[in-house]
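Atom set for the values below is all heavy atoms of this structure, side chains included, hydrogens, waters and symmetry mates excluded.
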Amino acid sequence: TDIDTLIAQVTDDAISIAAGQYHSIIVKNDGTVWVAGWNSNGQLGLGDTTNRTRWTQTSLTDIKSFDGGRYHSIIVKNDGTVWVAGSNGSGELGLGDTTQRNSWTQTSLTDVKSVACGEYYSIIVKNDGTVWGTGQNNRGQLGLGNTSDRSSWTQTSLTNVKSVACGYYHSIIVKNDGTVWVTGLNDYGQLGLGHTSDRYSWTQSPITDVKSVACGYYHSIILKNDGTVWGTGRNDDGQLRLGDTTDRNSWTQTSLTDVKSVACGYKHSIILKNDGTVWVAGYNGYGQLGSGGNVTNVKLIALGDAHSIILKNDGTVWVTGYNDFDQLGVGDIDDRKNWTHTISL
C-alpha cells in the first residue's frame with residue numbers, strides 16, 4: 001500500500017535514533033526528523049497534542065544531536081542552535097518560563113555539541129566543554145550545589161567535558177580525560193560512590209579510562225575504553241547484568257567485553273558489541289528485551305521507559321516492547337515481544 005511505502009522510506013534510511021519515556025525520534029540521512037508516540041505535552045513538536053501511531057515528519061532539518069525526557073524533547077542542529085518542545089513545568093526547556101511548547105522553539109543557546117534529557121530536566125555540553133543545565137533540581141541533578149529549579153540554562157562548574165547522560169533524578173558526565181563526575185539522586189547507589197547519599201554538586205566517581213555512560217531510572221552503566229562494561233545502582237530485575245538481583249553502590253564489572261555502546265531504560269539495559277550483536281538484561285514485562293527477528297549488524301540502540309529501538313547498518317529501524325502510546329511507530333498500540341521492523345504494520 002502507499003502507507004507501507006511511506007513507512008519504508010522513513011525507517012529504512014535512518015542515521016540516528018532516540019527515545020523519550022513514551023515517544024521516539026528518528027533522523028534520516030537527509031537530515032529530516034521523524035517522530036512517533038505520546039504527544040500529550042507537545043513533545044513531538046508537531047504543533048498539537050495528538051499522539052502519532054505512525055512516523056510523522058517534523059519541521060526541523062540538519063540535526064546533530066537529540067534526546068527525549070518524560071514529556072519533552074530537545075534537538076541540537078548542526079549550526080549549534082538548540083530547539084525544544086514539550087512540557088516545561090519545571091523549566092526543562094530552558095526558555096526562561098514554565099510554559100509548554102507544542103512546536104519546536106529555539107532557545108538562546110549557541111555553539112552546543114550534545115544534549116541529554118532527564119525526567120523533568122535537561123543538560124547540554126557546549127563545544128568549549130562547558131556544561132549547562134535547566135529544569136527540575138530537587139535532588140541536585142543539575143549539579144549546581146543546591147536544590148532550586150532553573151527555568152533558564154545555567155552554567156555548572158565543570159569544564160573539559162566529553163559527554164553527559166541523565167537518569168530519573170541523577171546525572172553522569174564523562175570528561176575528556178576519562179574521569180567520571182556524578183550528581184543527584186543516589187538512593188540505590190546509582191552514582192557509584194560506594195554509598196547511597198545524594199550529591200548536589202558534581203563529584204568525581206572512582207572510575208577512570210571511561211569512554212561513555214548510560215543512565216536508567218535508578219541504575220548506571222559505563223563503557224571503558226578497553227571495551228569492558230561496569231554497572232552500579234538498582235538491580236532488582238538484573239538490569240546490571242551481574243548474574244544476580246543485588247543492588248550495587250560501587251562500579252562493578254560485568255562479564256561483557258569488546259563492547260561498542262550501552263543504553264539504559266527504566267529497568268532494562270541493552271549493550272551493543274563491536275561485532276554488531278545485541279545483549280540484553282533486566283525487566284522484560286512488556287517485551288522490551290526483544291527476541292527473535294534479525295538483530296545482527298546493529299549500529300545504534302536507544303531505550304525508552306519500557307520500549308527499545310535498534311538502528312541497523314543498512315538504515316532499517318527495529319522496535320520492541322511497550323506500545324500503549326504508539327511509541328513503536330508501527331500503526332497500532334499493541335506491545336511487541338519480538339524485534340519488529342517498523343515497516344511491518
Side-chain angles (χ1 to χ4, degrees), residues 18 63-70 72-84 88 90-96 106-186 190-193 198-216 220-223 262 264:
I63 306 306
K64 178 180 183 180
S65 173
F66 53 100
D67 199 16
R70 183 176 178 89
H72 73 292
S73 307
I74 300 187
I75 280 178
V76 181
K77 299 189 72 172
N78 281 315
D79 63 5
T81 59
V82 175
W83 298 71
V84 297
N88 195 32
S90 297
E92 55 263 47
L93 300 185
L95 294 170
Q106 186 173 356
T107 76
S108 60
L109 284 178
T110 58
D111 196 36
V112 173
K113 175 183 177 182
S114 62
V115 62
C117 295
E119 185 79 348
Y120 297 108
Y121 71 101
S122 312
I123 297 180
I124 66 99
V125 179
K126 298 191 76 171
N127 285 314
D128 62 5
T130 59
V131 176
W132 300 66
T134 191
Q136 192 175 64
N137 192 37
N138 60 322
R139 302 304 290 263
Q141 55 265 49
L142 297 183
L144 297 170
N146 55 51
T147 56
S148 300
D149 294 352
R150 300 296 196 279
S151 62
S152 297
W153 295 101
T154 304
Q155 186 173 357
T156 78
S157 60
L158 285 183
T159 59
N160 196 32
V161 171
K162 178 182 179 182
S163 62
V164 60
C166 297
Y168 190 54
Y169 293 128
H170 75 290
S171 309
I172 301 185
I173 273 175
V174 180
K175 297 188 75 171
N176 285 315
D177 61 5
T179 59
V180 172
W181 297 72
V182 297
T183 191
L185 182 69
N186 194 33
Q190 57 264 50
L191 300 185
L193 295 171
D198 293 354
R199 285 294 183 271
Y200 305 117
S201 299
W202 292 106
T203 303
Q204 186 170 357
S205 191
I207 192 165
T208 58
D209 195 36
V210 173
K211 178 181 179 181
S212 63
V213 62
C215 295
S220 310
I221 296 182
I222 271 178
L223 171 62
V262 297
C264 297

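To the nearest 0.5 angstrom, Thr154 atom OG1 is 11.0 Å from Ile123 atom CD1. In this structure, the separation between CZ on Arg70 and SG on Cys117 is 14.0 Å, given to the nearest 0.5 Å. The OG1 atom of Thr110 lies 14.5 Å from the NZ atom of Lys77; values are rounded to the nearest 0.5 Å. Between the CG atom of Leu158 and the CH2 atom of Trp181 there is a distance of 6.5 Å, given to the nearest 0.5 Å. Between atom CG of residue Asn186 and atom CZ of residue Arg139 there is a gap of 9.5 Å, rounded to the nearest 0.5 Å. From Asn146, atom CG reaches atom OG of Ser201 across 8.0 Å, with rounding to the nearest 0.5 Å.
Side-chain contact between Val182 and His170: absent, with no pair of heavy atoms (C-beta onward) separated by less than 4.5 Å. Contact of the Val161 side chain with the Thr130 side chain is not registered, since no non-hydrogen atoms from C-beta on lie closer than 4.5 Å.
With Ser205 contributing its side chain and Ile207 its backbone, the two residues share no donor-acceptor pair below 3.5 Å. A donor-acceptor pair is defined here as one N or O able to donate and one able to accept, closer than 3.5 Å; no such pair exists between the side chain of Lys113 and the backbone of Ser65. The main-chain N or O of Leu142 is never found under 3.5 Å from a side-chain atom of Thr183 such that the two would form a donor-acceptor pair. Side chain of Asp149 to backbone of Ser90: no donor-acceptor contact under 3.5 angstrom is found. Between the side chain of Ser122 and the main chain of Thr134, no donor-acceptor pair closer than 3.5 Å is present. Not a single donor-acceptor pair under 3.5 Å links the side chain of Tyr169 to the backbone N or O of Gly118. Checking side-chain atoms of Asp111 against main-chain N and O of Gly80 turns up no donor-acceptor pair under 3.5 Å.
The two residues Ala116 and Ala165 come nearest to each other via the heavy atoms CB-CA, 4.2 Å. Contact detail for Ile74 and Glu92: the closest heavy-atom pair is CD1-O, 3.9 Å. For the pair Leu193 and Gln204, the tightest heavy-atom approach, listed with the atom from each and the gap, is CD2-O, 3.7 Å. Between Trp202 and Ser157, the closest heavy-atom pair is CD1-OG, 4.4 Å. Scanning all heavy atoms of the two residues, the minimum distance from Tyr121 to Cys166 falls at OH-CB, 3.5 Å. Taking both residues in full, the closest heavy atoms of Tyr200 and Gly140 are given as CD2-CA, 3.6 Å, listed atom of the first, atom of the second, then distance.
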Please test Ile124 against Val76 for side-chain contact (heavy atoms from CB on, under 4.5 Å), starting from the C-alpha separation and ending with a verdict. CA-CA 9 Å; Ile124 66 99; Val76 181; 5.6 Å; no
So Val180 and Val213, side-chain contact (heavy atoms from CB on, under 4.5 Å) or not? Walk me through it. CA-CA 9 Å; Val180 172; Val213 62; 5.9 Å; no
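With Tyr120 as the fixed residue, the side chain to side chain contact (heavy atoms under 4.5 Å, CB included) test singles out one of Gln141, His72, Gln136: Gln136.
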